[in-house]
Protein chains: 4
Amino acid sequence: MTAAIKIIAAQGLSAPTAMIGKEAGVSNGALFTYFATKADLLNQLYIELKAEMAAATTTDLPTEADTREQVRHVWKGWLRWAIDHPQERRALAHLGVSHEVTAESHEAASKSYADVAALLDRSRASGALRDAPLMFVASLVTGIVDATVDYMTQDPASAEKHDAAGFEALWRILT
Amino acid sequence: MTAAIKIIAAQGLSAPTAMIGKEAGVSNGALFTYFATKADLLNQLYIELKAEMAAATTTDLPTEADTREQVRHVWKGWLRWAIDHPQERRALAHLGVSHEVTAESHEAASKSYADVAALLDRSRASGALRDAPLMFVASLVTGIVDATVDYMTQDPASAEKHDAAGFEALWRILT
Amino acid sequence: MTAAIKIIAAQGLSAPTAMIGKEAGVSNGALFTYFATKADLLNQLYIELKAEMAAATTTDLPTEADTREQVRHVWKGWLRWAIDHPQERRALAHLGVSHEVTAESHEAASKSYADVAALLDRSRASGALRDAPLMFVASLVTGIVDATVDYMTQDPASAEKHDAAGFEALWRILT
Amino acid sequence: MTAAIKIIAAQGLSAPTAMIGKEAGVSNGALFTYFATKADLLNQLYIELKAEMAAATTTDLPTEADTREQVRHVWKGWLRWAIDHPQERRALAHLGVSHEVTAESHEAASKSYADVAALLDRSRASGALRDAPLMFVASLVTGIVDATVDYMTQDPASAEKHDAAGFEALWRILT
DNA sequence: CATGAATGAGGCTTCATTCAT
DNA sequence: TATGAATGAAGCCTCATTCAT
């Protein structure tokens, strides 16, 4: 699994299963005792990565604090995870557009985000997007996070500034 | 070319060249009269689509109007193109993450956006992101556009509302 | 034709007909107005080259001189032609082992050597190989010529010495 | 390998790898488990055949006997191998002129002939070719062997006579 | 007759998947 | 259950040959 992430991040989804097996230290045949199919592996990987990413945003969430604080916590967690797991992010970028990843997997992945979605819903309650579909708002937010992480990665010296600017943009949209 | 867009939108980048040829009404061999390589085709396609998309946002730009009006024009053009060209958008999504698309192609593509970038720069001049790198702001904007288009496509009945909400979010970020 | 020689010498028999056409300054299609088939071209080329090579050995043959003198003349002509036409030689090396060159072509080519063969027959009349089949002797001779040319080409500084050594070997075999 | 020899002898170097695989009783894909590339197969084949041929000439070489005896031994071994392995010989003829066979392979192959070359050097020590480059002499010898084998193969009834005539020619050249 | 784009069969190679050990 | 050699379908690309202009 870790192997798959590394290989897919580096080579894309067309990476041979044999190479993933090698990286994982198992034979090419053994891979298929764990995953019936390459598509299976990709789907499980997708779900797992999404879940992991979601978990990173909600652990230790200060549920008693005010909304802004909680959003800030999620924001921080998200950024930290993304920056600490560049390969995971790259792999997800590939998996996200793949035809091999089924609608069911996308469904399953979105469930991991229930808590984040709920928080988002509370945050925008009295904002400009109060009447927009929640998923739409979530998409906007995801876009902002991705852009922010991209620039923090490219220009680590000004990471702090990008972080602040990104959060500023986010908060403006929500409120 | 049009054929490639259609096939890639439907099947992804792993679509056989033979299928693209067939869709275009030419033999599999003929494809390589026009493109030396599959990668070549993908790169040219990427550059062309990006250019076309950029063109859709800046034609008839009211350069004398105030900034908000111009941003609104670009926004409208962008949305219209995206909604009218779902296959092109899908193909671009695939091409954007592909390893086959070279850095040179990305470079070339970004040149098409010079005008839009300049406008963006003017718009955020006195806004919260006035000190952020322009490309960072552009990424944020792209994220918002993509999210908006996604939801206008998924829920055409409320297209107007999504449009408005998206622009609202955009404008908030810039000013 | 000259083009074919050049290209085949450089690339072998797998050289594309299009490349030969280009070198000759005609379109790929035009080639097939002159030669029905690539195999046709190769066969004609083989016969022509063999004939040319044979001609180079017998022009101005001093038919009145003694046998050794005549053999010496053929030897000289052969060496000269081979050294002056390295591409032709290379092309012939490829054509000689090709399956595309038919038995008829080999037959036709050998006819060009009638005069040389007759001379050879006279030369060995009282020699050690007087009872061997003429073609066998011819093969031996060809082997010696080829070896000599190879070394004269590789080491032009000592060309004279190789020439002499080669002829010495030849004459020893014949007499 | 044996399959490759057979197929290449029959069809030349343009023989499909699939056909070689089939002859060997393995699938087309399996071939590439053993040889990364068709060129690889050809190079290994060339080296192996050359080595085998060289080995056939020097096994049981009577190193204590006089030079003529030793040359005779090599001659016999060479002829025997060539006559017993017509396919190997044909394959070698193709491989010898191929562009796919690299200079390194030729280098490697020539190393197999160190012993034969040394013997040759001793044999011609006081002969007419004593000052010619050894490799030149070797080429002459190879030419004679090839011619002899060709005729022994074509006309097996007189094999004995051709053998004798060939050796006679050889010995005349050396001494 | 020449052109050169188009054809399409065929070759080399890759790789997901299977299976005997 | 693990191994890794074997399978064979499929993909990219080449090139002899054809044919409309």
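Every chain is numbered from 1, with letters handed out A, B, ... down the list of sequences.
Here the P atom of nucleotide E:dC15 and the CD1 atom of A:Ile8 are 14 Å apart, to the nearest Å. The interatomic distance linking C:Met19 (CE) with F:dA16 (P) rounds to 10 Å, in whole Å. In this structure, C:Phe35 places its CZ atom 18 Å from C1' of F:dT18, rounding to the nearest Å. Remark: P of E:dA16 and CG of A:Asp40 are 14 Å apart, rounded to the nearest angstrom. For the pair D:Lys22 NZ and F:dA9 P, the interatomic distance rounds to 13 Å; values are reported in whole Å. Look at CD1 on C:Ile20: it is 11 Å from P on F:dC15, rounded to the nearest Å. Between C:Lys38 atom NZ and F:dT14 atom C1' the separation is 11 Å, expressed in whole Å. Nucleotide F:dT17 holds its P atom 10 Å from the CG atom of C:Leu41, rounded to whole Å.
Nearest heavy atoms, C:Trp81 versus C:Glu88: CH2-CB, 3.5 Å.
In this model, the phosphate group of E:dT13 is approached by a side-chain N or O of D:Thr37 to a distance below 4.0 Å at OP1 or OP2. Within the 4.0 Å cut-off from OP1 or OP2 of E:dC15, not a single side-chain nitrogen or oxygen of A:Thr17 is found.
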Any chance you could lay out the side-chain contact (heavy atoms from CB on, under 4.5 Å) test for D:His99 and C:His94, step after step, and finish with the verdict? CA-CA 10 Å; D:His99 280 146; C:His94 287 294; 4.1 Å; yes

Determine whether A:Asn28 and A:Thr17 satisfy the following criterion, side-chain contact (heavy atoms from CB on, under 4.5 Å), listing intermediate values before the conclusion. CA-CA 7 Å; A:Asn28 51 359; A:Thr17 53; 5.7 Å; no

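At least one side-chain heavy atom of B:Ile8 sits under 4.5 Å from a side-chain heavy atom of B:Leu42. With a 4.5 Å cut-off on side-chain heavy atoms, C:Leu41 and C:Thr37 do not count as touching. Considering only heavy atoms from C-beta on, B:Tyr46 stays 4.5 Å or farther from B:Glu100 through its side chain.
Distance alone, capped at 3.5 Å, places no donor-acceptor pair between the C:Ser105 side chain and the C:Val101 backbone.
For C:Lys38, there are no salt bridge (charged side-chain N to carboxylate O under 4.0 Å, His left out) partners, not counting sequence neighbours.
Position along DNA chain E of the nearest nucleotide to D:Phe32 versus A:Ala15 favours D:Phe32 as the more 5'-ward residue.
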In the 5'-to-3' direction, what one-character label does each nucleotide of nucleotides 2-10 of chain E receive under the scheme B = base within less than 4.0 Å of a protein heavy atom, S = sugar-phosphate only, - = no such atom? SBBBSBBB-

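The pair D:Asp150-D:Arg89 meets the salt-bridge criterion, with a side-chain N (NZ, NE, NH1 or NH2) lying under 4.0 Å from an Asp/Glu carboxylate O.
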Base-pairing string, 5' to 3', of DNA chain E - Watson-Crick or wobble, under 3.5 Å, | interstrand: .||||||||||||||||||||

